[in-house]
Chemist: 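My questions all concern the structure below.
We count residues from 1, following the sequence as given. The structure displayed is predicted, hence computed values, not measured ones.
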Amino acid sequence: MVSENGEELVEAVFKVQPQVVKDEKRPSVIYQQITFKDPIQLAFICFRNYYCGYITIKRQTSSSDGKKVWQTILHRHQLMKDPHFEDDAQARHTICMKQMNSKYVSGERIKDLRFYLYQPSPSWRSFGLRQLTCYTKISTKKSDKNLHSQSTLSVRVQGNKTGSSSGLIDDAVAGLLLACRPMHSSGRKQNEI
């Protein structure tokens with residue numbers, strides 16, 4: 001899908017690190033880190049929840065003295081209405097970058113993300129994120145094509161043409177949510193963004 005200003009949404013390729021459990025005692029917090037091949041301008045994140053009550057997202061950045069630090073850009077975002085009941089425990093979610101806090105400035109490039117996953121209920125033996133996908137905007141203008149290598153990008157997002165990059169993201173998110181709708185067995189409306 002290409003907007004009139006020459007931007008296209010594409011799925012970004014990343015490497016997933018193994019989950020890290022911070023405390024073996026339940027309930028506990030775990031985190032999972034992803035690393036993009038090259039820093040990207042993240043547009044939105046899609047995933048299917050697997051029994052996580054809340055999620056916090058952090059990005060790696062450098063402090064003023066040059067040390068690498070993890071900075072929270074989304075704090076304790078609710079994924080389950082009630083973490084003790086499985087009604088929406090496997091719902092699909094889309095998190096747009098406009099939902100991030102003021103520590104994330106739109107357009108900043110991200111190389112590493114950590115997803116901190118919380119499940120306060122001791123009822124669930126495991127929890128995590130499934131089918132995680134990150135989307136980025138790239139310029140399709142001839143002069144900018146050399147900036148983006150094809151090895152960094154994979155599946156192109158299909159949809160209707162639109163005149164703005166905001167409309168481009170909105171159309172892509174709507175298309176993804178529509179495609180995911182049959183995955184829900186419940187007739188109840190899901191809490192998707």
Side-chain angles (χ1 to χ4, degrees), residues 3 5-23 27-50 52-79 92-120 127-141 144-155 157 164-166 168-170 172-173 176 192-193:
S3 68
N5 62 355
E7 290 182 327
E8 185 175 6
L9 279 175
V10 294
E11 183 178 328
V13 176
F14 54 85
K15 181 180 179 182
V16 180
Q17 305 296 327
Q19 285 186 344
V20 176
V21 179
K22 294 188 100 179
D23 186 5
S28 66
V29 175
I30 61 174
Y31 72 82
Q32 191 149 18
Q33 182 174 327
I34 65 171
T35 302
F36 299 100
K37 181 176 179 188
D38 297 309
I40 66 164
Q41 182 182 343
L42 198 57
F44 58 94
I45 301 165
C46 298
F47 58 89
R48 183 173 57 87
N49 185 25
Y50 188 76
C52 296
Y54 304 91
I55 186 172
T56 293
I57 301 175
K58 295 185 179 190
R59 68 168 177 166
Q60 191 174 50
T61 187
S62 297
S63 63
S64 57
D65 59 356
K67 292 181 182 175
K68 298 285 185 186
V69 294
W70 289 98
Q71 182 181 62
T72 301
I73 57 175
L74 183 69
H75 181 69
R76 225 167 145 76
H77 179 75
Q78 186 174 4
L79 299 178
R92 285 202 153 285
H93 296 269
T94 301
I95 298 176
C96 296
M97 298 317 290
K98 61 186 172 186
Q99 293 176 260
M100 302 299 170
N101 65 28
S102 62
K103 292 183 181 174
Y104 176 76
V105 177
S106 181
E108 286 183 319
R109 297 202 172 270
I110 294 175
K111 173 80 172 158
D112 298 291
L113 284 176
R114 273 191 186 168
F115 298 89
Y116 288 82
L117 311 173
Y118 305 91
Q119 178 44 271
F127 55 97
L129 302 179
R130 305 287 189 262
Q131 301 164 347
L132 179 65
T133 312
C134 298
Y135 291 90
T136 183
K137 290 186 285 185
I138 62 164
S139 175
T140 56
K141 294 178 183 174
D144 293 339
K145 280 193 176 185
N146 295 334
L147 297 176
H148 304 287
S149 73
Q150 287 299 331
S151 62
T152 306
L153 307 171
S154 64
V155 181
V157 179
S164 71
S165 74
S166 173
L168 179 69
I169 292 172
D170 293 343
V173 170
L176 285 168
E192 295 177 325
I193 302 161

Chemist: Output yes when a side-chain donor or acceptor of Lys111 lies under 3.5 Å from a complementary backbone atom of Phe36, and no otherwise.
Modeler: yes

Chemist: Considering only heavy atoms from C-beta outward, does the side chain of Leu42 approach that of Met97 to under 4.5 Å?
Modeler: yes

Chemist: What's the shortest heavy-atom distance between Gly128 and Asn49, and which atoms?
Modeler: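 Minimum heavy-atom separation between Gly128 and Asn49: O-OD1, 3.8 Å.
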
Chemist: Which value, rounded to the nearest 0.5 Å, describes the distance between Trp70 atom CH2 and Lys58 atom NZ?
Modeler: 9.5 Å

Chemist: Roughly how far apart are Gln71 CD and Asn101 CG, rounded to 0.5 Å?
Modeler: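 So the gap between those two atoms works out to 7.5 Å.
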
Chemist: Under the side chain to side chain contact (heavy atoms under 4.5 Å, CB included) criterion, do Gln99 and His77 qualify, and how do the steps go?
Modeler: CA-CA 10 Å; Gln99 293 176 260; His77 179 75; 3.7 Å; yes

Chemist: I need the Thr94 OG1 to Tyr135 OH distance, nearest 0.5 Å.
Modeler: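 Result: 8.5 Å between the selected atoms.
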
Chemist: For the pair Tyr31 and Tyr116, name the ring-plane relationship: parallel under 30°, tilted 30 to 60°, perpendicular over 60°.
Modeler: tilted

Chemist: If every non-hydrogen atom of Phe127 is compared with every non-hydrogen atom of Leu117, which pair is closest and at what distance?
Modeler: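 Where Phe127 meets Leu117 most closely, the heavy atoms are CE1-O, 3.5 Å.
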
Chemist: Under 4.5 Å between any side-chain heavy atoms of Lys68 and Asp112, yes or no?
Modeler: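 Not in contact.
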
Chemist: Does any part of the side chain of Glu108, heavy atoms only, come nearer than 4.5 Å to the side chain of Arg59, both counted from C-beta?
Modeler: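 A side-chain contact exists here, since the closest heavy-atom pair is under 4.5 Å.
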
Chemist: Decide yes or no for Ile57 and Met100: does some side-chain heavy atom of the first lie under 4.5 Å from some side-chain heavy atom of the second?
Modeler: yes

Chemist: For Phe44, run the side-chain contact (heavy atoms from CB on, under 4.5 Å) check against Ile95, Thr133, Leu9 and tell me which one passes.
Modeler: Leu9

Chemist: From Cys52 SG over to Arg130 CZ, what is the distance, rounded to the nearest 0.5 angstrom?
Modeler: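 Answer for the SG-CZ pair, Cys52 versus Arg130, is 8.5 Å.
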
Chemist: Does any N or O in the side chain of Thr136 come within less than 3.5 Å of the main-chain N or O of Gln41, such that one atom is a donor and the other an acceptor?
Modeler: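 Checked: pair present.
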
Chemist: Taking the side chain as C-beta and beyond, is there a heavy-atom pair between Phe47 and Leu79 under 4.5 Å?
Modeler: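 Answer yes - side chains close enough.
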
Chemist: Tell me, do Arg92 and Gln131 make a side-chain contact under 4.5 Å, heavy atoms counted?
Modeler: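 Yes. Closest side-chain heavy atoms under 4.5 Å.
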
Chemist: Quick one: CD1 on Ile40 to SG on Cys134, what's the gap to the nearest 0.5 Å?
Modeler: 6.0 Å

Chemist: Might you work through the side chain to side chain donor-acceptor pair (under 3.5 Å) test for Arg114 and Gln17, ending with a clear yes or no?
Modeler: CA-CA 10 Å; Arg114 273 191 186 168; Gln17 305 296 327; over 6 Å; no

Chemist: So does Val10 get a backbone contact from the side chain of Lys137, meaning a donor-acceptor N/O pair under 3.5 Å?
Modeler: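 Side chain of Lys137 to backbone of Val10, a donor-acceptor pair under 3.5 Å: no, none is there.
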
Chemist: Does Leu129 reach the side chain of Gln32, with side-chain heavy atoms less than 4.5 Å apart?
Modeler: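 Counting from C-beta outward, Leu129 and Gln32 never come under 4.5 Å.
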
Chemist: What verdict does the side chain to side chain contact (heavy atoms under 4.5 Å, CB included) test give for Ile34 and Phe115, after you've listed the backbone C-alpha separation in whole Å, the side-chain angles of each residue and the deciding distance to 0.1 Å?
Modeler: CA-CA 8 Å; Ile34 65 171; Phe115 298 89; 3.8 Å; yes

Chemist: Hey, could you give me the CG/CZ distance between Leu113 and Phe14, rounded to the nearest 0.5 Å?
Modeler: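 Nearest 0.5 Å value for the CG-CZ distance: 9.0 Å.
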
